[in-house]
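Working notes, structure below.
Just so you know, ligand 1 is whichever comes first in the structure, and atom 1 is the first atom listed for that ligand.
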Amino acid sequence: MAVATAAALLAALGGALWLAARRFVGPRVQRLHGGGALGLMHGKTVLITGANSGLGRATAAELLRLGARVIMGCRDRVRAEEAAGQLRRELQAGESGPDPGAGGAGELVVRELDLASLRSVRAFCQEVLQEEPRLDVLINNAGIFQCPYTKTEDGFEMQFGVNHLGHFLLTNLLLGLLKSSAPSRIVVVSSKLYKYGDINFEDLNSEQSYDKSFCYSRSKLANILFTRELARRLEGTNVTVNVLHPGITRTNLGRHIHIPLLVKPLFNLVSWAFFKTPVEGAQTSIYLASSPEVEGVSGRYFGDCKEEELLPKAVDESVARKLWDISEVMVGILK
Ligand SMILES: NC(=O)c1ccc[n+]([C@@H]2O[C@H](COP(=O)([O-])OP(=O)(O)OC[C@H]3O[C@@H](n4cnc5c(N)ncnc54)[C@H](O)[C@@H]3O)[C@@H](O)[C@H]2O)c1
């Protein structure tokens with residue numbers, strides 16, 4: 001009797017946990033574009049930061065399959081070239097598409113970009129501006145998650161520096177090209193964890209106290225405030241900018257999180273059961289980059305290819321403007 005009750009309780013607990021986790025992760029989104037969409041991105045140039053792994057890689061594979069010229073902005077050239085070689089082979093073998101013979105497959109270019117260095121961001125943008133006649137989609141995807149306290153080359157707290165400031169400078173330097181290629185799109189990859197962040201202007205460098213999860217959330221809140229302020233500034237230009245959360249996805253993003261050896265198998269099991277695959281997680285980025293449905297839509301927040309509500313702190317216009325002004329000073333953009 002006691003065993004049966006314990007088993008029933010365990011089953012109920014397991015079921016509740018399953019439902020809670022599914023609710024948090026969100027419904028799995030199936031691949032958006034079938035064989036009929038091949039060529040949808042033909043003639044378009046897409047730049048993806050952090051495109052050699054995880055969500056960025058899955059996004060690159062799909063946009064490439066749809067015919068785009070994809071520029072991979074990556075920190076490590078060797079790893080990026082490896083990933084690019086693999087993507088080209090997959091494309092040729094038809095592994096990243098259901099209909100390899102239907103044409104439309106695009107071109108892949110690797111360029112070096114370290115978002116933790118404003119010097120590197122400037123050099124990268126100079127190269128892009130010199131060599132690329134157009135830019136139709138910019139996807140600010142790269143990110144770093146809950147690393148130990150370190151600073152960027154320019155002395156900024158790493159997560160704020162890479163996730164927000166690096167992309168802030170990158171986007172601003174490429175705006176002219178995006179405008180001249182309009183209609184064009186900017187897609188910003190944030191996270192639901194923005195909810196636990198705050199823009200504490202008095203300590204943006206977290207010198208006094210560093211909380212790695214707060215700083216990640218703060219950088220992702222900054223991504224959203226940046227998107228909304230940029231959308232306001234871009235009104236009437238035919239350049240749109242939207243932000244998304246991909247949902248919890250099985251990638252290497254958690255490389256800085258220490259999981260005890262004994263707990264690892266359980267963690268792997270849970271992530272295998274509940275987390276999205278990179279292809280599933282990338283669907284909202286792909287949707288915002290390529291779908292005709294979002295033509296002209298700007299300043300919105302998406303999850304699972306649908307618009308979602310934001311908390312008041314993420315739509316606070318005065319905080320967004322102040323963050324913009326401070327970011328301009330931090331990255332050294334002269335007004
Ligand atoms: N995986 C998830 O569950 C999840 C959930 C919410 C949001 N996100 C966001 O998705 C985005 C992609 O993450 P992912 O899950 O694919 O992880 P990932 O670690 O596979 O990809 C992150 C990419 O960013 C690159 N990157 C890191 N620092 C960089 C730097 N200084 N300069 C240039 N590139 C740099 C990495 O090299 C890597 O290619 C991130 O912005 C992350 O915050 C992921």
Pair listing, side chain to side chain donor-acceptor pair (under 3.5 Å) test, anchored in residues 294-303, at least two apart: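 Non-adjacent pairs meeting side chain to side chain donor-acceptor pair (under 3.5 Å): Arg185-Glu295, Arg300-Glu307.
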
Can you confirm whether Arg79 is buried at CZ, in the sense that more than 12 heavy atoms of other residues, nucleotides or ligands lie under 6.0 Å from that atom?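 Counting neighbours around CZ of Arg79, 12 or fewer heavy atoms of other residues, nucleotides or ligands fall under 6.0 Å, so no.
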
Hey, are Lys192 and Glu308 close enough for a salt bridge, meaning a charged N less than 4.0 Å from a carboxylate O?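 No, Lys192 and Glu308 are not salt-bridged.
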
Residues Lys322 and Glu229 bridged, charged N to O under 4.0 Å: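 The answer is no: the pair does not qualify as a salt bridge.
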
Verify the distance criterion only: is there a donor paired with an acceptor across the side chains of Asn140 and Thr171 at less than 3.5 Å?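 Yes, a side-chain donor-acceptor pair sits under 3.5 Å.
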
Donor-acceptor check, side chain of Ser120 to backbone of Asp114, threshold 3.5 angstrom: yes or no?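 A pair under 3.5 Å: yes.
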
Mind jotting down which protein residues get a heavy-atom contact under 4.0 Å with ligand 1? Chain and number order, please.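 Correct list: Gly50, Asn52, Ser53, Gly54, Leu55, Arg75, Leu113, Asp114, Leu115, Ala116, Asn141, Ala142, Gly143, Val162, Val189, Ser190, Ser191, Tyr216, Lys220, Pro246, Gly247, Ile248, Thr249, Thr251, Asn252, Leu253, Arg255.
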
